[in-house]
Structure formats: C-alpha cells, structure tokens
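The block underneath contains the structure these notes are about, expressed in structure tokens.
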Amino acid sequence: MTRRIIHIAQTDSTNRYLHDIKTEGEDMTVVVADYQTAGRGQGSNSWESEEGKNLLMSIRVRPTMVPPRNQFILSEAGALAVGKALAAYADGISLKWPNDIYWNDKKISGTLIETTVSGLALATCTFGIGINVNQQVFHSDAPNPVSLYQILGHEVPVEEVMHHVLDALESELSLIWTGDSRSVTDRYHQHLYRRQGFHPYSDVQGPFMAELLHVEDDGHLVLRDTTGLIRQYAFKEVAYMINQ
C-alpha cells in the first residue's frame, strides 16, 4: 500500500484537514498534527490532548470493494490496528465496542470513522484516531483516560506509535481487500473488552447486568441479561458502567 504522510503543527481537526486534500494516487493518505483545536470523538464528544504529547491523526483509504452495508468491518479493522500497536507496549489492551481502545478499565484511544458513498459503493473511509501517548495529567471531565506514559512511567516516541498503527492497519485492510473479512471479524471478537462474564450496563430503562454475546456485521452490540433476555443495541443506545 502506498502512503502519503503529512505532518502539520496545528489544525482544528485532522479529519477536516484531510477532507480538503486531493489524493495523488496513494492508497493511504495520513495527516498527523501536534495539536488540534477542535478534536472530537463520536457524537458530541471532545478529545483532550496536550500539545505535542499525543498521536492525533486521520487516515483516508478508498474501500471501494466494501459494500456500504458491510462498512462496520472497517471499524473492526481500525480497532484491531490500534489495539495491536498499543499491545506492543503494554499488556491489558482490549477493544471496547465499537472502536475505543482500553487498558484494563481505562480509555487510551478513540477513533471517529467517517465514510462517503458513491453510487452503490463506499468511496472513502477516514479514520480519525487519537491515542494518549505521553500526556501525564488529564484535566477534562473525561471519566477514565490513561496514557502510555502513565502505564509505563516513561515517554514513548509518538512517531514510532504512528508507524506501528499504520503498519497494522495496512495488514488488516489487506485482508479485507483480498476477501478475508471473516478473519478480521473473528479477531475483533476475540479482543473485545468484557468478552467474558456478566458486567454492568445501562440503557434508557436503567442499569442491568449482562454478558456480551457478539457484535453483528452491521455493528449492533448483542447482550444477554441475567434473565436470559437478548438485548441488541446501536451505538449510543447502551452505556458501559465502569467503576472509576
């Protein structure tokens, strides 16, 4: 896969910056910034990052062979790539549905995925990835952030982490491009946060205990509660209850 990497000092959003860049024939276009003034996560969430301390990047690929109805496979690939990169530094890494990365019960990375459609096919997929690398203190009201520095007790080169992610993402996408999406999905399930046992969740009806059964191909989370009831959720319809 051919790559084009653009390093900038500051932008409001690497996803927005990447949106304005014309592709020059590369398979993967990457924008990495030292600081974002309006970094965001899923929905209305923001992303706190001290300047120059963390990995803030957006990656655009062209998954024209993936039907729009199957696009969650790209979310799985992105989560696996970031998880693999971070697992090279620390044990206890897992993938929290749909595509956050956790170290034990703390969030170390999040990804915002945006796709465009042309006709009946996906035209582009942009992974907006934030990884807490060298930040020592978090000041926002985010409930459970953690960084590699806090885990390891020393700094890690941000560019090194970036290349680990890009290499891993290339590997996962290559499987999808060659028709082996099942391998990606199977490993996504194997590395899911709370993949075993009953844990607390909450939805519009209140808190409950449930076990994770699987994630559907369209991205819906399927749980079974302690009464045996099967519960299916789209993103933001259920919350993980995590002790801080």
Side-chain angles (χ1 to χ4, degrees), residues 3-15 17-18 28 30-42 45-59 76-113 127-172 187-188 190-195 240 242-244:
R3 291 181 195 169
R4 177 187 177 196
I5 300 176
I6 302 164
H7 188 172
I8 57 178
Q10 179 175 311
T11 184
D12 56 349
S13 159
T14 54
N15 270 25
Y17 189 97
L18 182 54
M28 179 182 287
V30 182
V31 172
V32 57
D34 296 329
Y35 183 64
Q36 286 185 133
T37 58
R40 61 193 179 98
Q42 297 282 2
N45 296 340
S46 61
W47 185 266
E48 177 192 359
S49 181
E50 187 177 342
E51 185 171 355
K53 293 294 185 180
N54 302 319
L55 179 57
L56 309 170
M57 69 174 173
S58 293
I59 307 164
E76 294 176 338
L80 280 168
V82 178
K84 180 179 179 180
L86 292 173
Y89 298 97
D91 295 330
I93 298 295
S94 62
L95 318 180
K96 177 176 169 287
W97 172 84
N99 51 21
D100 285 342
I101 310 301
Y102 267 45
W103 173 75
N104 297 326
D105 291 324
K106 293 182 177 292
K107 181 176 176 177
I108 190 169
S109 174
T111 299
L112 172 65
I113 294 181
F127 301 85
I129 298 172
I131 300 177
N132 299 326
V133 181
N134 292 320
Q135 188 150 337
Q136 298 184 31
V137 179
F138 293 90
H139 302 283
S140 75
D141 58 358
N144 59 342
V146 71
S147 67
L148 277 179
Y149 181 94
Q150 292 174 329
I151 297 168
L152 303 175
H154 61 80
E155 290 199 349
V156 175
V158 174
E159 186 174 358
E160 177 183 280
V161 178
M162 178 190 73
H163 284 291
H164 281 320
V165 173
L166 296 179
D167 290 345
L169 183 58
E170 280 194 9
S171 178
E172 298 299 337
R187 285 180 294 108
Y188 175 81
Q190 290 167 13
H191 291 90
L192 278 172
Y193 176 67
R194 292 185 171 178
R195 66 187 181 280
Y240 289 65
I242 301 171
N243 292 328
Q244 302 305 319

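This chain uses plain numbering: 1 for the first residue, then up along the sequence. For the numbers below, each heavy atom of this structure counts, side chains included, while hydrogens, waters and symmetry mates do not.
In summary, of the residues considered (Leu148, Ile129, Val146), a side-chain contact (heavy atoms from CB on, under 4.5 Å) with Ser109 occurs for Ile129 alone.
Across all non-hydrogen atoms, the minimal contact from Thr14 to Thr11 is N-CG2, 3.7 Å. The minimum heavy-atom distance between Asp100 and Gly110, with the atom names listed, is OD1-CA, 3.5 Å. In terms of heavy atoms, Leu152 sits closest to Tyr89 at CD2-O, 3.3 Å. Of all heavy-atom pairs between Ile5 and Met162, the closest is CD1-CE, 4.1 Å. Between Ile101 and Ala79 the shortest heavy-atom distance is CD1-O, 3.4 Å. Between Ser58 and Gly128, the closest heavy-atom pair is OG-CA, 3.7 Å.
Here the CE atom belonging to Met57 is positioned 13.5 Å from the CD1 atom belonging to Ile6, to the nearest 0.5 angstrom. Separation of atoms CG (Asp12) and CG (Asn15) is listed at 10.0 Å; rounding is to 0.5 Å. Separation of atoms CG (Asn99) and CD (Glu76) is listed at 10.0 Å; rounding is to 0.5 Å. Between the CG atom in Leu55 and the NE2 atom in His163 there is a gap of 10.0 Å [rounded to 0.5 Å]. Taking CG of Leu95 as the start and CG of Leu86 as the end, the distance is 10.0 Å to the nearest 0.5 Å. In this structure, NZ on Lys107 lies 12.0 Å from OH on Tyr240, to the nearest 0.5 angstrom.
We find that Arg3 and Asp167 are joined by a salt bridge, their nearest charged nitrogen and carboxylate oxygen being less than 4.0 Å apart. Glu155 and Lys53 are joined by a salt bridge, as a carboxylate oxygen and a charged side-chain nitrogen come within less than 4.0 angstrom of each other. Taking the charged nitrogens against the carboxylate oxygens, Glu172 and Arg187 do have a contact shorter than 4.0 Å, which makes a salt bridge.
Asn144 places a side-chain N or O within donor-acceptor distance of the main-chain N or O of Asp105, the cut-off being under 3.5 Å. When atom types are taken as modelled, the side chain of Glu51 and the backbone of Tyr35 share no donor-acceptor pair closer than 3.5 angstrom. Not one N or O on the side chain of Trp103 forms a donor-acceptor pair closer than 3.5 Å with the backbone of Ser94. The main-chain N or O of Val133 is found under 3.5 Å from a side-chain atom of Asn54 such that the two form a donor-acceptor pair. Distance alone, capped at 3.5 Å, is enough to place a donor-acceptor pair between the Gln150 side chain and the Gln136 backbone.
In summary, the side chains of Asn132 and Tyr149 do not present any donor paired with an acceptor at a separation below 3.5 Å, with no hydrogens or angles considered.
Note: Tyr102 and Tyr193 have tilted aromatic rings, judged against thresholds of 30 and 60 degrees for the angle between ring planes.
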task = Apply the test side-chain contact (heavy atoms from CB on, under 4.5 Å) to residues Val158 and Val32: give CA-CA distance (whole Å), side-chain angles for both, the deciding distance (0.1 Å), then the verdict.
result = CA-CA 10 Å; Val158 174; Val32 57; 5.7 Å; no

task = Show your working on side-chain contact (heavy atoms from CB on, under 4.5 Å) between Val156 and Val161 and close with a plain yes or no.
result = CA-CA 8 Å; Val156 175; Val161 178; 3.7 Å; yes

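Around CD of Glu159, the count of heavy atoms belonging to other residues, nucleotides or ligands within 6.0 Å does not exceed 12. The neighbour count for Lys84 NZ, taken as heavy atoms of other residues, nucleotides or ligands under 6.0 Å away, does not exceed 12.
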